[in-house]
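Proteins come first, then strands; the chains are lettered A, B, ... in the order of their sequence lines, and each starts at number 1. What you see is a predicted model, and the numbers here were worked out from it, not measured in a lab.
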Amino acid sequence: MANTTMDANTTIGLDVEEEGISLDALTIDETEKTKFLVEPDDSTIKKVTTGDTIYQTAKRFEDLNLSKDLLTGLYVEMNFKTPSKIQSIGLPMILSPPYRDLVAQAHNGSGKTACFVLGMLSRIDINLKAPQAICICPTRELAIQNLEVLKRMGKHTQITSICAVPTGKTSLNSDRGPIRDQIVVGTPGTIKKWMSHKRFNAGNVKMLVFDEADHMLAEDGFKDDSERIVNTLRKSCCAPLCLQVLLFSATFNDTVKKFVSKMIKDGNQMFVKKEELSLESVKQFKVICPDEAAKRQVIDKILEIGDKLGQIIIFVRTKKSAKMLHQALDTEGGWKCTNIHGDYDTVKRDEIVKEFKDGFTKVLIATDLLARGFDQAQVNLVINYDLPTQYNPSEPHNPSAEPHNEVYLHRCGRAGRFGRKGAVLNLLCNDPDMMLMEKIERHFGIHVSQVPDYRSDEDISAALKEAGLL
DNA sequence: AAAAAAT
């Protein structure tokens, strides 16, 4: 027992204690009350529970006391057979009273979304026609995608749901009136607006889910919005454990963990070591390019092979580069591709995403708008035209010298969904780029192989072959 | 600077 306790402490990174932050949620209770359930067949996920509840791992969905209609959704609509690891460990923690908060870190494409969607659907009182569960996402695209999963999984139930994202159209009738749907999935601004306009009664909300929670709680993310929503909902709830907060993400850096520990008291946790975070399922490469033009040459070569590849996402750092690269590849280069970023209106964004998801477009140039959560099984190649960098407030227009490791991991996660073959190509053209790549490799403890010559068709093909794409 | 959204 003592050993297990030590182990868990290490995993969660209690080094933050040195900085004098209270660690209510992340501190391990050393008394007998705390139970650690170590999975014999899976040491990669660490489960830490609070209180005296014992959670059985769910080997089958039947173990979870789900309604018959929900089981039908899982088997018939989703084609699920048995719970994934995160689902078998996480769902019992979510669904057993007392309904404790949960911080869950799970690999990209490990069934995270299905886990919290199933959690929301199972806790709805079908006879109460009011919002009971809310899910907040960082982008409009992710909210729409999550609601689609929810509608599919809940198809055979009578549960109603609605998307709270900006519609573009102003105060029409559809924008007023009370919300009676039982589940709301949306982005922070619209949810905040609906709450402040009293469009629904917050008193019945018993579950609040943050997708991509680390970003939702980050200083340069949506921390203020998220905090306000949690506080409002906690206040409108009757008992201390009335509102169950679930935080899901593939990444939680130390800064965010500190804040999580302040926001979540007496919660359960699931964590994965950072070295074990899914970067092994996609094969990563770096291509050294002398200049920006060379980067486009590499992309040209890849598009020439195009037909044999699946869909491709090219990530860039700024909206401006998204537009420019699109211009260069499509208008000037004659390659049919699209691009997406936050400057486009909602109609255009929806259209671009739909075209890509329907397979009408093969190549999509994107800002980090699509870095997280975007799920398209046919994407097997991610190209980092620019590497993701931390935001540097003192020099907002220049890329920082520090890489954004979490965003890098999330971008990689767009390729090779659910264990499929995938590749990531990092295009580097100067010393700062090389430094960023080195830092990323060091952070994850990985080696990214170098494509010998950017001008060589053979070298590039060889890399894609090695990744299993050709 | 990206994103959300309201201004």
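Across all strands shown, A:Arg349 has heavy atoms under 4.0 Å from sugar-phosphate atoms exclusively, and none from any base. Within 4.0 Å (heavy atoms only), A:Asn392 reaches no atom of the nucleic acid at all. In this structure, A:Thr389 reaches neither bases nor backbone, as no heavy-atom distance under 4.0 Å exists between it and the strands shown. In this structure, A:His341 reaches the sugar-phosphate backbone alone: every heavy-atom distance under 4.0 Å involves primed, P, OP1 or OP2 atoms, never a base.
Side-chain atoms of A:His215 lie closest to B:dA2 of the nucleotides B:dA1, B:dA4, B:dA2. Set against B:dA4, B:dA6, B:dA1, the side chain of A:Asp225 has B:dA4 as its closest nucleotide.
Atom pair A:Tyr344:OH and B:dA3:P shows a separation of 12 Å (rounding to whole Å applied). Atom C1' of nucleotide B:dA6 and atom CE of A:Met195 are separated by 16 Å, given to the nearest angstrom. Between the CG atom of A:Asp224 and the C1' atom of B:dA6 there is a distance of 15 Å, rounded to whole Å. If you measure from atom OH of A:Tyr385 to atom C1' of B:dA1, you get 18 Å, rounded to the nearest angstrom. Atom CG of A:Asn398 and atom P of B:dA2 are 12 Å apart (whole Å). Rounded to whole Å, the distance from CZ on A:Phe315 to C1' on B:dA2 is 12 Å. Rounded to whole angstrom, the span from the OH atom of A:Tyr408 across to the C1' atom of B:dA2 amounts to 19 Å. Protein atom NE2 of A:His410 is 16 Å distant from nucleotide atom P of B:dA3, rounded to whole Å.
Classification of A:Lys206 and A:Asp125 as a salt-bridged pair fails, no side-chain N sitting under 4.0 Å from a carboxylate O. Ionic pairing of A:Lys354 and A:Asp350 is not present here: no N-O contact between side-chain nitrogen and carboxylate oxygen is shorter than 4.0 angstrom.
For A:Asp368 and B:dA1, a side-chain-to-base donor-acceptor distance below 3.5 Å is absent, hydrogens and geometry of angles not being considered. A donor and an acceptor atom never sit less than 3.5 Å apart when one is taken from the side chain of A:His404 and the other from the base of B:dA2.
Between A:Phe222 and A:His215, the two ring planes are perpendicular [angle over 60°; tilted spans 30° to 60°].
Atom NZ of residue A:Lys348 and atom CG of residue A:Asp343 lie 12.0 Å apart, to the nearest 0.5 angstrom. Interatomic distance, CD1 of A:Ile264 versus CG of A:Asp101, reported as 4.0 Å (0.5 Å rounding).
A distance cut-off of 5.5 Å between ring centres, combined with a plane angle under 30°, leaves A:Phe222 outside any stacking arrangement with the base of B:dA3.
Of the side-chain N and O atoms in A:Lys319, one or more sit less than 4.0 angstrom from OP1 or OP2 of B:dA3. Neither OP1 nor OP2 of B:dA4 sits under 4.0 Å from any side-chain N or O of A:Lys192. The side chain of A:Thr367 contributes an N or O atom lying less than 4.0 Å from OP1 or OP2 of B:dA3.
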